Structures are given as structure tokens and as C-alpha cells.
Amino acid sequence: MATMKAAVVSEANAPWVLQDVSKPTAGPHQVLVKVHACGVCYTDALLAQGVLSLRPFPMVLGHEGVGEVVAVGEGVTTREVGDRVGLPIMQKACGRCEFCRERHAYSFVTANNCVAPVLTGVNVDGGQAEFVAVDAEGTVLLPDGLPYELAAPTVCAGYTVWAALRRAGANPGARVAVAGVGGVGHLGVQFAKAAGYHVIAMTHSPDKHALAKELGADDVVADGAGLREAGGADVLLHTAPTHASAIDAMQGLRPWAKIILMGISADDTFPLPALAVTSHGYEIIGSAHNGPEYLAEALEIVARGDVKPMIEVFPKEQVGEAYNRLLAGQLRFRAVVDYA
């Protein structure tokens with residue numbers, strides 16, 4: 001039996017350990033992908049800790065995988081050997097439940113509302129391995145020339161912030177505040193700037209102020225009061241898993257502003273100041289990836305060089321260290337594991 005190396009999580013809160021496991025094959029409608037790189041996401045931590053319990057342990061995580069198609073299964077017509085592809089979290093919907101029968105667009109919303117979705121690195125094995133077999137429709141073609149290590153975080157984190165901006169539908173020249181300059185927020189600043197908006201970065205960390213400017217922020221503020229003094233914002237992109245800073249930021253929003261929440265937390269709440277929301281006409285929008293066209297757009301923007309994820313690359317032998325650095329908040333800003 002052919003084997004490969006994969007990062008295995010044996011039980012909740014166990015370390016990520018590189019082990020020999022069975023190498024998959026491409027079944028009907030699947031492709032076999034030789035993984036070149038895979039990002040480590042905060043959602044991976046929630047799964048590894050058992051906070052999000054969608055499958056039994058042991059598991060192989062990873063929904064930011066990118067690589068090359070090396071085999072195609074029966075019935076595959078949209079992919080061929082040699083294609084460079086990304087492996088986003090939403091692989092396949094069931095197609096039979098009420099939600100699917102309403103023909104909602106492919107999106108992370110589908111993943112959360114379909115009764116039996118196939119989710120790469122969530123309820124089936126993911127990209128933290130040398131090879132992975134996935135449904136061909138659960139892949140996205142990568143632009144020519146885009147390095148694998150930059151494509152990997154774009155498949156989730158970059159997709160998240162670009163989809164949020166598209167969901168906001170802000171007018172040209174709008175003022176966009178990005179709350180948090182971290183693994184997702186540093187991309188939010190760059191994507192908002194690439195889209196031509198006036199960008200205000202919000203961070204409590206003084207050591208990130210100069211970096212935020214380098215990333216393209218027109219202004220950098222510490223809190224909602226600072227946002228108000230800087231002229232306010234029409235859109236707030238909240239990128240953190242906790243929401244206290246989003247509530248604080250609301251004092252700096254302009255009338256009819258849109259608040260886009262994209263941080264995932266299992267226990268945090270978002271207590272709304274009802275008077276402010278009502279009297280100023282704010283819109284609160286939850287956003288997670290949205291349509292696949294937004295992923296294609298995000299990848300093209302990164303391929304052009306208008307946005308560059310800040311990454312730390314780890315060899316596969318150090319996948320456990322990459323995960324530990326994520327938990328400790330020691331990454332600037334995304335960890336990418338090299339499986340090439």
C-alpha cells in the first residue's frame with residue numbers, strides 16, 4: 001500500500017504530528033492533488049481543539065491547500081493533469097436538502113446550511129498532507145505565475161476579506177476601516193487599498209502602526225474615538241475572533257455604515273447598541289467567503305502583486321511548530337507549510 005506524509009491530529013488538543021498514512025487515490029469525479037503548500041488557519045485550531053466538532057479524531061486538517069493535479073478520476077472533465085489548483089473549504093454540497101434545492105450559490109454559507117456538505121480539511125481530510133483527493137468541483141484554478149506559498153493563505157484568509165469587501169458594496173472612494181492588523185486584517189488593509197478605498201487601520205498595538213502604513217493604510221487609529229476623529233468610516237471590516245473592538249469602533253462610523261463581521265468564535269457574542277444601530281441606520285452583515293467568483297478575483301489581485309500575504313514558511317517536518325506559533329499568537333502573519 002502506498003503511503004505519504006500527513007499532519008495527523010490524534011485527539012482534541014493533541015499536537016500536530018507528521019506521520020505515514022495511506023496515500024489516497026482519485027475516485028469518480030475526484031482529482032488527486034500533489035500538495036505544494038498549505039496554510040494554517042485559526043479555524044484549524046478550533047477543529048483541533050474540539051471546539052468545532054464535525055468529525056471524529058484522528059483527522060488531517062487544512063483548507064488552505066494548493067498544489068498540482070497528478071491524477072483525475074472517472075467523469076472528470078473540468079480538470080486535467082498538470083493543473084495548478086487551490087483547495088478551498090467548500091468542496092461539495094449534498095444537492096438534495098431543502099437549502100440545496102433552493103439553488104443557493106456555492107459559498108461558505110452553503111457549507112453551514114446544507115445538511116451534508118463535504119468540507120475539505122473539516123469533515124474530510126484536508127491539505128496538511130503530501131497528497132489529497134477532492135471533488136474536482138471543489139478546486140479552483142490558480143493564476144499563472146502565482147507562487148504556491150502566496151496562493152495558500154489567499155484560498156481562505158484573502159478570500160474572506162475580499163468577499164467581505166464585495167459584500168459591502170461600498171461606493172467608489174468610500175472610507176473603509178479594518179479592525180485588527182493580524183493574519184486576516186493585514187490582508188484586509190491591502191485589499192481595501194487595492195480596490196481604491198480610503199483605508200483606516202485600527203489596532204491597539206503601537207508597533208503595528210508603521211506596518212499598517214506600509215501595507216497601504218491612509219490613517220491608523222487605536223479605537224473608535226480615533227476613528228471618529230480621523231473622519232469616520234462607511235464600512236467596518238471586523239477581522240478578529242472577538243468583537244469588543246467592533247462595538248467600540250461603532251462610535252466612529254458614519255450614518256448608514258455597514259459593519260461586516262468575518263471573525264469566527266465559538267463563544268464570543270456581539271451585543272448591539274440598539275439606539276446607535278437604529279438611529280444611524282447601520283447594517284450588520286455576516287460574511288464568510290460568499291461566491292467562488294470572489295476567490296478567483298482575490299487570487300488574480302494577489303497574482304498581480306497588488307496584495308502580498310505576509311507569511312512564514314515551515315517545512316512539513318515543522319508543521320507542529322507552525323501550529324504552536326499560531327496558538328501563541330507569534331506569527332506575522334500567516335503560517336504556510338511546504339509539502340513540495
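Quick caveat, the model's predicted, so the values are computed rather than measured.
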S.K.: Sorted by first residue and then second, give each ring pair (Phe, Tyr, Trp, His ring centres under 6.0 Å) pair with at least one member in residues 112-141; sequence neighbours left out.
M.R.: none
S.K.: Within the structure provided, determine whether Arg332 and Leu211 are in side-chain contact (heavy-atom separation under 4.5 Å).
M.R.: yes
S.K.: Do the side chains of Asp135 and Arg79 get close enough for a salt bridge, i.e. N-O under 4.0 angstrom?
M.R.: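 No, this pair does not count.
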S.K.: In Å, rounded to the nearest 0.5 Å, how long is the span from CD1 of Ile247 to OG1 of Thr242?
M.R.: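 Spacing of CD1 (Ile247) from OG1 (Thr242) equals 11.5 Å.
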S.K.: Has the side chain of Gln251 got a donor or acceptor atom that lies under 3.5 Å from a matching backbone atom of Asp248?
M.R.: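 Yes, because the side chain of Gln251 sits within donor-acceptor range (under 3.5 Å) of the backbone of Asp248.
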S.K.: Can you tell if the side chain of Pro292 reaches within under 4.5 Å of the side chain of Val140, non-hydrogen atoms only?
M.R.: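 The answer is no; the side chains never approach within 4.5 Å.
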S.K.: Between Asp83 and Val85 (side chain of the first, backbone of the second, donor and acceptor by atom type, cut-off under 3.5 Å), is there such a pair?
M.R.: no
S.K.: Listed by chain and number, what are the salt bridge (Lys or Arg N to Asp or Glu O under 4.0 Å) partners of Glu11, not counting sequence neighbours?
M.R.: none
S.K.: Give the C-alpha distance, both sets of side-chain angles, the deciding distance and a yes or no for side-chain contact (heavy atoms from CB on, under 4.5 Å) between Met262 and Val161.
M.R.: CA-CA 8 Å; Met262 66 196 81; Val161 292; 3.8 Å; yes
S.K.: State yes or no: do Ile285 and Ile259 share one hydrophobic cluster built from I, L, V, M, F, W and Y residues joined by side-chain heavy-atom distances below 4.5 Å, directly or via other members?
M.R.: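 The answer is no; the residues belong to distinct hydrophobic clusters.
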S.K.: Before you tell me yes or no, could you show the steps for Lys316 and Glu130 under side-chain contact (heavy atoms from CB on, under 4.5 Å), namely the whole-Å CA-CA distance, both residues' side-chain angles and the distance that decides it to 0.1 Å?
M.R.: CA-CA 9 Å; Lys316 60 179 178 287; Glu130 292 179 318; 3.3 Å; yes
S.K.: If we ignore angles and hydrogens, is there a donor and acceptor under 3.5 Å between the side chains of His209 and Thr203?
M.R.: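 Not at all, the side chains of His209 and Thr203 share no donor-acceptor pair under 3.5 Å.
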S.K.: Are Ile89 and Leu261 linked, directly or through intermediate hydrophobic residues, by side-chain heavy-atom contacts shorter than 4.5 Å (ILVMFWY only)?
M.R.: no
S.K.: For Glu74, look at atom CD and say whether over 12 heavy atoms of other residues, nucleotides or ligands are found less than 6.0 Å away.
M.R.: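 No, the 6.0 Å shell around CD holds no more than 12 heavy atoms from other groups.
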S.K.: Is there a donor-acceptor contact under 3.5 Å from the side chain of Gln190 to the main chain of Lys308?
M.R.: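 Yes, the answer is positive, given that a donor and an acceptor are paired below the 3.5 Å cut-off.
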S.K.: Measuring only between side-chain heavy atoms, which start at C-beta, is Thr139 closer than 4.5 Å to Val134?
M.R.: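 SC-SC contact between Thr139 and Val134 confirmed.
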S.K.: Does the side chain of Asn290 come within less than 4.5 Å of Ser287's, by heavy atoms?
M.R.: yes
S.K.: Begin from the C-alpha positions of Val115 and Cys94 and carry the test side-chain contact (heavy atoms from CB on, under 4.5 Å) through to its verdict.
M.R.: CA-CA 7 Å; Val115 300; Cys94 77; 4.2 Å; yes
S.K.: Restricting to non-hydrogen atoms, name the atom on Thr78 and the atom on Ala136 that form the minimum distance, rounded to 0.1 Å.
M.R.: OG1-CB, 4.1 Å
S.K.: Using only atom types and a distance under 3.5 Å, with no angle test, would you say the side chain of Arg254 pairs donor to acceptor with the backbone of Val235?
M.R.: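 Such a contact is absent between Arg254 side chain and Val235 backbone.
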S.K.: Identify the heavy atoms of Gly183 and Leu187 that sit nearest to each other, and give their distance.
M.R.: O-CD1, 3.8 Å
S.K.: Which heavy atom in Leu331 sits nearest to a heavy atom in Ala322, and how many Å separate them?
M.R.: CD1-O, 4.4 Å
S.K.: Ignoring hydrogens and angles, tell me if any N or O in the side chain of Asp219 forms a donor-acceptor pair with the backbone of Ala230 under 3.5 Å.
M.R.: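 Side chain of Asp219 to backbone of Ala230, a donor-acceptor pair under 3.5 Å: no, none is there.
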S.K.: Using a 3.5 Å distance criterion without hydrogens, assess whether the side chain of Thr239 forms a donor-acceptor pair with backbone atoms of Ala179.
M.R.: yes
S.K.: Any ring pair (Phe, Tyr, Trp, His ring centres under 6.0 Å) pairs touching residues 225-265, not counting sequence neighbours?
M.R.: His238-His243, His243-Phe270
S.K.: What's the spacing between Leu227 CG and Met250 CE if we round to 0.5 Å?
M.R.: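 Going from the CG atom of Leu227 to the CE atom of Met250 covers 12.0 Å.
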S.K.: Treating Ile, Leu, Val, Met, Phe, Trp and Tyr as nodes and any side-chain heavy-atom pair under 4.5 angstrom as an edge, say whether Phe333 and Ile311 lie in one connected cluster.
M.R.: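 Yes, it is one cluster - the side chains of Phe333 and Ile311 are joined through contacts under 4.5 Å.
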S.K.: Is there a chain of hydrophobic side chains (I, L, V, M, F, W, Y, each step under 4.5 Å between heavy atoms) that links Met4 to Tyr148?
M.R.: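 No, Met4 and Tyr148 fall in different hydrophobic clusters.
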S.K.: Between Phe191 and Val302, what is the shortest heavy-atom contact and its length?
M.R.: CZ-CG2, 3.9 Å
S.K.: Do you know which of Leu236, Leu253, Asp234 makes side chain to side chain contact (heavy atoms under 4.5 Å, CB included) with Arg175?
M.R.: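 For Arg175, the side chain to side chain contact (heavy atoms under 4.5 Å, CB included) check succeeds only for Asp234.
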S.K.: Determine whether a donor-acceptor pair (N or O, by modelled atom type, separation under 3.5 Å) exists between the side chain of His204 and the backbone of Ala222.
M.R.: yes
S.K.: Using atom types as modelled, flag every donor-acceptor pair under 3.5 Å from a side chain in residues 15-36 to any protein atom, sequence neighbours excluded.
M.R.:
{"residue": "Asp20", "atom": "OD1", "partner": "Lys5", "partner atom": "NZ", "Å": "3.1"}
{"residue": "Gln30", "atom": "OE1", "partner": "Gly27", "partner atom": "N", "Å": "2.9"}
{"residue": "Lys34", "atom": "NZ", "partner": "Tyr339", "partner atom": "O", "Å": "2.8"}

S.K.: Is there a continuous path of hydrophobic side-chain contacts, each under 4.5 Å between heavy atoms, that joins Val319 to Phe314?
M.R.: yes
S.K.: Identify whether the distance between the nearest side-chain nitrogen and carboxylate oxygen of Arg84 and Asp144 falls below 4.0 Å.
M.R.: no
S.K.: If you measure from OH on Tyr282 to CG on Leu272, what distance do you get to the nearest 0.5 Å?
M.R.: 11.5 Å
S.K.: Restricting to salt bridge (Lys or Arg N to Asp or Glu O under 4.0 Å), what partner residues turn up for Glu149, sequence neighbours left out?
M.R.: none
S.K.: Verify the neighbour count for atom NZ of Lys213: are there more than 12 heavy atoms of other residues, nucleotides or ligands below 6.0 Å?
M.R.: yes
S.K.: Which atom names give the shortest non-hydrogen contact between Ala194 and Ile301, and what distance separates them?
M.R.: CB-CG2, 4.4 Å
S.K.: Using the rule given for side-chain contact (heavy atoms from CB on, under 4.5 Å), can you reason through Val155 versus Tyr159, listing the C-alpha separation, both sets of side-chain angles and the distance that settles it, and then say yes or no?
M.R.: CA-CA 6 Å; Val155 167; Tyr159 186 8; 5.9 Å; no
S.K.: When you measure from the side chain of Lys258 to the backbone of Ala168, do you find a donor-acceptor pair of N or O atoms at a distance under 3.5 Å?
M.R.: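 The answer is yes, because a donor-acceptor pair under 3.5 Å joins these two groups.
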S.K.: Can you confirm whether more than 12 heavy atoms, excluding those of Glu80, are under 6.0 Å from its CD atom?
M.R.: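 Not more than 12 within 6.0 Å, no.
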S.K.: Answer yes or no: is there a side-chain heavy-atom contact under 4.5 Å between Gln91 and Leu119?
M.R.: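 Not in contact.
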S.K.: Show the nearest heavy-atom pair for residues Gly226 and Val221, with the distance to one decimal.
M.R.: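 Residues Gly226 and Val221, closest heavy atoms: O-CG1, 3.5 Å.
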S.K.: Between Asn113 (side chain) and Phe99 (backbone), is there a donor-acceptor pair under 3.5 Å?
M.R.: no
S.K.: Could you give the distance from CH2 (Trp162) to CG (Leu237), rounded to the nearest 0.5 Å?
M.R.: 11.0 Å
S.K.: Can you tell me if Gln128 uses its side chain to pair, donor with acceptor, with the backbone of Gly39 under 3.5 Å?
M.R.: yes
S.K.: What distance do Leu47 atom CG and Asn123 atom CG have between them, rounded to the nearest 0.5 Å?
M.R.: 9.5 Å
S.K.: How many angstroms lie between atom CG of Leu215 and atom NE2 of His186, to the nearest 0.5 angstrom?
M.R.: 7.0 Å
S.K.: Which atom pairs, donor and acceptor, lie under 3.5 Å between side-chain atoms of residues 55-70 and protein residues at least two apart or in another chain?
M.R.:
{"residue": "Arg55", "atom": "NH1", "partner": "Val124", "partner atom": "O", "Å": "3.4"}
{"residue": "Arg55", "atom": "NH1", "partner": "Asp125", "partner atom": "OD1", "Å": "3.1"}
{"residue": "Arg55", "atom": "NH2", "partner": "Asp125", "partner atom": "OD1", "Å": "3.0"}
{"residue": "His63", "atom": "ND1", "partner": "Asp44", "partner atom": "OD1", "Å": "3.4"}
{"residue": "Glu64", "atom": "OE2", "partner": "Arg334", "partner atom": "NH2", "Å": "2.7"}

